[in-house]
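Right, one structure below, let's go through it.
Remember, it's a predicted structure, so these values are computed and weren't measured experimentally. We count ligands from 1, going down the list as the structure has it; atoms in each ligand are counted the same way. Along the sequence shown, residues carry numbers from 1.
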Amino acid sequence: MCGIIGYIGPKAVAPILLEGLKRMEYRGYDSAGVALLNGTGLQTRRAAGKIANLEAALASQPITGVVGIGHTRWATHGPPTERNAHPHRSGDESVAVVHNGIIENANTLRSALVELGYEFRSDTDTEILAHLIEELFDGSLEEAVIAALTKVEGTYGLAVVSSRDPGKIVAARKGSPLLIGIGVGENFLASDPSAVLAHTRNVVYLNDGDVAVIERDAYRVIDRHAATIPHTVDRIQWDLAEIERGGYDHFMLKEIFEQPMSVENTMRGRLILADGTAKLGGINLTHADLMNIDNVVITACGTSWHSALIGEMMIEELCRIPVEVEYASEFRYKNPIVTDRTLCIVISQSGETADTLAAMREAKRRGAKTLGLVNVVGSTIAREDDGGVYLHAGPEIGVASTKAFTSQVVALALFTLKLARKRDLSVVRGREIAQAMHGLPAQLAEVLASAPAIEAIAEEFKESTNFLYLGRGYNFPAALEGALKLKEISYIHAEGYPAAEMKHGPIALIDDRMPVVFVAPHDAVFDKVVSNIQEVRARHGRTIVITSRDEPALKGLIDYEIRIPETEDMLMPILSAVPLQLLAYYIAVKRGANVDQPRNLAKSVTVE
Ligand code: AGP
C-alpha cells in the first residue's frame, strides 16, 4: 500500500520526509519521491526501487525547503519506474501531488486535459490531479483542490503543495486513510500513524470527504464548500519501540513471539471468568439487538478470512445461529441474503482493506448491523462500522499476519462467549471456556519454547517445492492459514485442505518429496485424522504432525512431531498457529526470502 508523508515547519524538510517514508516501508512499495517548496519554487526528487535510491538522489542533488510532501508508491497504474513515481507535477511545474487510491474516470479526465493542451509525462492516474489543479487554480490551493475533486470519481488520500500558494499543504481523503500530525510550530500529514510518531502523538484522523489545510502554526478541516468542520484530536497509543524490531531479526519473528502478550491484551478487561462470559464495551449492540440476530455473515480477506472460518464454527456450535463466511471481494458484488436481523462481522487487521471496507458498506446499505474486529485504531473500517472489538494486538508490521490472526480468533471467542451466554450456554460451560481462554498466554509461551525444534524441521524442508496442509474441524482453517503463511513468505507452493478431502484429488500429489503437515491435536475427530496420516505414509509422503498428546495410534506414522498443549477445540487454532507460523518463518529465512516484505505483497491492500 502506498505511503504519504507531509511536513511544514522550521526544520530541514527532506530528512523528516525520508524518515517518515522509512517508517512506512513495511506497507510495501516499489518507488518513492519527495517534493519541496522553498523561496524560489517547487523541486522534486524521485527514484524507482527502495527508499535508499531516493536518499542517494537527494544526497547527490540536495533540495531544501520549508514545506514538503513524500510518497512511497505500490504500482497500480503503470510500472514502478522513476517516471511513474510520485510526486507528480503540473505542466507549469507549480503544483505537486502525491496520491493513494485509484481514479476510476482517469481516461476521461486525461483526454479532456490533453484537449486543453496538457502533456502527460507518466502512465499514472495521479498526474491528472496535478494538471487539473493547475487548470482550476484561481489563487487558493484548497479551492483548486476542491474544484478538481468534484470531477474525480474513485478513491484518494492525497497531499498537494504549490509554489503559487506556498505556505500550506492541502490534503483530501476519500477511501484511503490520512491523518494530520499536530506539532508545536510545525505540522505533519501522513497515511499511517507510525510515520509521525517520532514527532507527535496528537493526530486528527480525516474522514471520507474531508479536506485539510495544514499550515506551520495552524490547520483546519474543511468540507467541499470550504466550510470548517468539527474534528477530534486522538492520541496514538503505540510507542515507537513497539514499532521497532525490538532485537528480533524480523518484525514477523517479533510479532510471533509477542503472542502471549498480544492475546492477553485482546482479553484484558473483557473476560469475565466468574460468569463465564465476556464484556465488550464497543460492540454497540443491545441485549435486544443480540437476541434479534437471525443470521451472521463474516466477511474478510486472506488470513482474516481464515479466522472468520473459525468464528463461523464457534458461533454455530455455541450460539446455534447460522453463519456464512464470505470473501469480501465476492460478497461486495453478489446479491447476499442480508436483512436488518443480520449481523455482519467484518474482520481486518489494517482496517483499510478495500474489498473488506466495500463489503461492510454493502452490508450496511442492506440494513445489517456491522461489527468490526480491527487492530488499527482509527482505521476506516473501525470508524465506519456500527460497533467493534479492537484487537489491541499492537502494531503488526510484518506483511504476513501472525499475532493479528490469533487475536482475531480470541476476539471471536470473546464475542461468541458473550452471545452464547445470552442464549443457551450454561454458566458452567461458559466458565470452562473462559478459564481455557485465560490459560492461553501461558500455553502460547510453552509452544514458543519449541522454536529451535521447529527451526530444525525447517532445515529439512527448505528446498521443498510443494506442501500440503491438512486438518479437520477447527483445525482445517488452521491448515489453510499454515499454507498461506508458507507460500506468502517462502514462495513455496502450499495448499490447505480438509484432511478427508485429500482422497478426492490431492492424494495424487503424494510422493516421497511431498511434505504433508497435519494439524492434528487430540479432538473429537482425531481418529479420522490418523487414517489420513496412514494414507499419506502408505504413499511415502513425509509427515509433519502437530499433536497434543502421546498417541500410540501415531506410532511409526510421524516423521516430525511438534507437540502443543491442549485446550478447548475452538481455541486449538490459536496454539497450532504458532508452529505453523514458525515453520513458515524459518523456511523463508533459510531460503533468503524477504520475510517482512515479501515480493508482490503489501501489508494492506487498499485497492481492488
Ligand atoms: C496475511 O498474512 C496476508 N498478509 C493477507 O492475506 C491479509 O490477511 C489480508 O490482506 C487481509 O488484510 P486485513 O486483515 O488487514 O484486512
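- Against a heavy-atom cut-off of under 4.0 Å, S304 is close to the following atoms of ligand 1: 8 (O), 13 (P), 14 (O).
- Summary of contacts: the protein heavy atom closest to atom 10 (O) of ligand 1 is V605 CG2, 4.2 Å.
- For T356, no nitrogen or oxygen atom sits less than 3.5 Å from a nitrogen or oxygen atom of ligand 1, counting backbone and side chain alike.
- Note that R599 lies in the cation-pi zone of Y491, set by a 6.0 Å cut-off to the ring centre and a 45° limit from the axis.
- Near S348, the atoms of ligand 1 lying under 4.0 angstrom from a non-hydrogen atom of the residue are 13 (P), 14 (O), 15 (O), 16 (O).
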Go through R563 and S548 one step at a time and tell me if the side-chain hydrogen bond (donor to acceptor under 3.5 Å, both in side chains) criterion holds.
CA-CA 5 Å; R563 186 65 63 85; S548 60; over 6 Å; no

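- For atom 8 (O) of ligand 1, the closest non-hydrogen atom on the protein side is T303 N, 3.1 Å.
- In this structure, atom 9 (C) of ligand 1 lies nearest to the protein heavy atom C301 O, 3.8 Å.
- Given atom 12 (O) of ligand 1, the protein heavy atom at minimum distance is T353 OG1, 3.5 Å.
- For A400, the heavy-atom gap to ligand 1 drops under 4.0 angstrom.
- The closest protein non-hydrogen atom to atom 2 (O) of ligand 1 is E488 OE2, 2.4 Å.
- Ligand 1 is approached by K485 to a heavy-atom distance shorter than 4.0 Å.
- Using a 4.5 Å heavy-atom threshold, the side chains of M313 and M570 count as separate.
- Protein heavy atom in closest approach to atom 6 (O) of ligand 1: G302 CA, 3.2 Å.
- Legend: residues meeting side-chain contact (heavy atoms from CB on, under 4.5 Å) with P498, ordered by chain and number and at least two apart, are F476, E501.
- Side-chain atoms of D30 never come within 3.5 Å of backbone atoms of G49 as a donor-acceptor pair (strictly under, hydrogens ignored).
- D596 and H250 share no side-chain donor-acceptor pair at under 3.5 Å.
- Between F461 and Y560, the ring planes lie perpendicular to each other; the angle is over 60°, past the 30° to 60° tilted range.
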If you apply the rule salt bridge (charged side-chain N to carboxylate O under 4.0 Å, His left out), what do you find for K403 with E255, and how did you get there?
CA-CA 6 Å; K403 63 177 182 174; E255 288 145 16; 5.3 Å; no

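- Atoms of ligand 1 lying under 4.0 Å from any heavy atom of S401, numbered from 1 in the order shown and given with element: 1 (C), 2 (O).
- Shortest contact from atom 4 (N) of ligand 1 to any protein heavy atom: V399 O, 2.8 Å.
- Remark: K50 is positioned above the aromatic ring of Y29, its terminal NZ or CZ atom under 6.0 angstrom from the ring centre and at most 45 degrees off the axis.
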